[in-house]
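The structure appears below as structure tokens.
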There are 2 protein chains.
Amino acid sequence: MTEDIRRDEAPGETHSGDSTATSGRSSGKTGQIRARNKARIISAAEEVFAAKGYAGATTAEIATRAGLPKANVHYYFSTKEAIYRAVIDNILDLWLEPFQRITEDDDPAEALAIYIRTKVMLSRDKPLASRIYANEIIRGAPILADYLGTDLREWVAEKSEVLRKWADKGLMDPVEPAHLLFLIWASTQHYADFQAQAKAVLHHRDLTEEDFETAVQTITRVVLKGCGVKTG
Amino acid sequence: MTEDIRRDEAPGETHSGDSTATSGRSSGKTGQIRARNKARIISAAEEVFAAKGYAGATTAEIATRAGLPKANVHYYFSTKEAIYRAVIDNILDLWLEPFQRITEDDDPAEALAIYIRTKVMLSRDKPLASRIYANEIIRGAPILADYLGTDLREWVAEKSEVLRKWADKGLMDPVEPAHLLFLIWASTQHYADFQAQAKAVLHHRDLTEEDFETAVQTITRVVLKGCGVKTG
DNA sequence: AAAAAAGTTGACCATATGGTCAGAATTTGA
DNA sequence: TCAAATTCTGACCATATGGTCAACTTTTTT
């Protein structure tokens, strides 16, 4: 799917790829421990990075949350940065997948509505991933600079073309495509990144299913009507 | 304006308030050095906190950027947290001011347009402040939790009322007010917080005056039309 | 079953960092 | 001008943190 960002990873790494997927080897036995532990570490790291930022995260805390001794964590990932890269790498696939499904032949109203819904639900289901990504970009994208300028850039160019064609066909207003995408990204990811604020402002409680539903409705409505998308 | 967040600040603090403003004492002589140095430190701290996050910022770097020895920084601010609080405190006034100017008697189209423009220009002129704020919220608002649940919450409630009244008068559609505000905040602050991404995607260069202008146009257009705001 | 490979871990280390302090220098007020 | 108040600063310290390592255990392969 997305190009790997990974560089160094472990000392005795056999670099056999991501164990999962590939061929028919029903239940990959070899590297099972490896896969399980790496997954645990990455999951634990996600929590810590999301809550404390890159610098604030400590390998010790990651180890504790993963239920492993620190030295064991370093057996799988030689440096903190390697853990971080693995986490980020994990996030990227998640990020572009829903984006991919928009094509020229789709119905704008439906495609945009689905995209917005998917993004909001991603904020609901993977808030940590969203926050880590946000943090990375805010810091100036030290790790993702390359990705932003290549992969993401191309995706945006492609999808901008789609939006332009829709406008040409008279299916919607000619809105500046990249900026429209920014608006959608920002307003949907807001529910993950600024969850603390949304919670405090709305009702002091965790966001409910209903909150997310209202978010979807509101954003969809404003965007579709705002871009003059023909419905029906 | 906004309630002070500050707690501890310095060792020999005479706690005379913020030197500026207050009464007529033309050119406050006493505390001049103090004011100047504190301002320098806060300004330097803004850069460092914005780029590295709270944990990643070091007092040493803040000192260097402020052009002062580290010990001197600690003369004015006893702890790193105290510096951070001062920085955040500084940002809050900036944040709510443009928000305040929206009242029931305003013309919705004009008021919203001005608000959106002001917020985008704030992203342009004070990107560091925006990033620090974003970082604070992403981390779960350890310092601002109280502010979010009181001041901000009230502001949102008030402005939501304004939006509702506008809808009642038939000046716009009845859009869920809080969520609409979220959409505006998110999409305008995006240009500061995700500047690295916007740069990479748009043209690999620093955002230009034109980019910000296009952002204003696009957001304003989508929001106004999307909420069915009557123009004229 | 024995050798090889992979995984585990406590103890350890160098460095970075937030913060202290005592004494020197400067500014202020009378 | 002189004492009090304020500001300045190099040297110092305790702690936290990323990372290493050598010995040990478990799993896999032959």
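Both backbone and side-chain heavy atoms feed into the values below; hydrogens, waters and symmetry mates do not.
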Measure the distance from [atom1] on [X] to [atom2] on [N] and round it to the nearest whole Å.
X: B:E81; N: C:dG18; atom1: CD; atom2: P; result: 13 Å
X: A:I62; N: D:dT17; atom1: CD1; atom2: P; result: 12 Å
X: B:I41; N: C:dG19; atom1: CD1; atom2: C1'; result: 15 Å
X: A:R36; N: D:dT27; atom1: CZ; atom2: P; result: 10 Å
X: A:Y76; N: C:dA6; atom1: OH; atom2: P; result: 11 Å
X: B:F77; N: D:dC8; atom1: CZ; atom2: P; result: 13 Å
X: A:K70; N: D:dG18; atom1: NZ; atom2: P; result: 7 Å

Map B:G67 and A:T59 onto DNA chain D by nearest heavy atom, then report which one ends up closer to the 5' terminus.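 Here B:G67 is the residue nearer the 5' end.
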Using heavy atoms to find the nearest nucleotide of DNA chain D for A:A71 and A:A60 separately, return the residue whose nucleotide is more 5′.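 The residue whose closest nucleotide sits nearer the 5' end is A:A60.
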Under a 4.0 Å N-O cut-off, is there an ion pair linking A:E61 with A:K70?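 Salt bridge: no.
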Presence of salt bridge, B:E213 and B:R117, under 4.0 angstrom: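 B:E213 and B:R117: salt-bridged.
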How many angstroms lie between OG1 in A:T220 and CD1 in A:I116, if you round to the nearest 0.5 Å?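 Interatomic distance, A:T220 OG1 to A:I116 CD1, rounded to 0.5 Å: 4.5 Å.
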Which label fits B:Y115 and B:F99: parallel for a plane angle under 30°, tilted from 30 to 60°, or perpendicular past 60°?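 Taking B:F99 first and then B:Y115, their aromatic rings sit tilted (interplane angle of 30° to 60°).
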In terms of the angle between their ring planes, are B:W185 and A:H190 parallel, tilted or perpendicular, with boundaries placed at 30° and 60°?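 Ring orientation, 0 to 90° scale: tilted.
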Counting side-chain heavy atoms from CB outward, which of [options] is closest to [X]?
X: B:I33; options: C:dT27, C:dG10, C:dC21; value: C:dT27
X: B:T79; options: D:dT9, C:dT9, C:dG19; value: C:dG19
X: B:T58; options: D:dT9, D:dC8, C:dG18; value: C:dG18
X: A:N72; options: D:dG18, C:dT8, D:dT7; value: C:dT8
X: A:H74; options: C:dG18, D:dG19, D:dT7; value: D:dG19

Give a yes/no on whether any side-chain N or O of [X] is located under 4.0 angstrom from OP1 or OP2 of [N].
X: B:Y75; N: C:dG19; result: no
X: A:R34; N: C:dG7; result: yes
X: A:N37; N: C:dT8; result: yes

With a 4.0 Å cut-off on heavy atoms, is A:A57 in touch with a base, just the backbone sugar-phosphate, or nothing at all?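 Contact class for A:A57: sugar-phosphate only.
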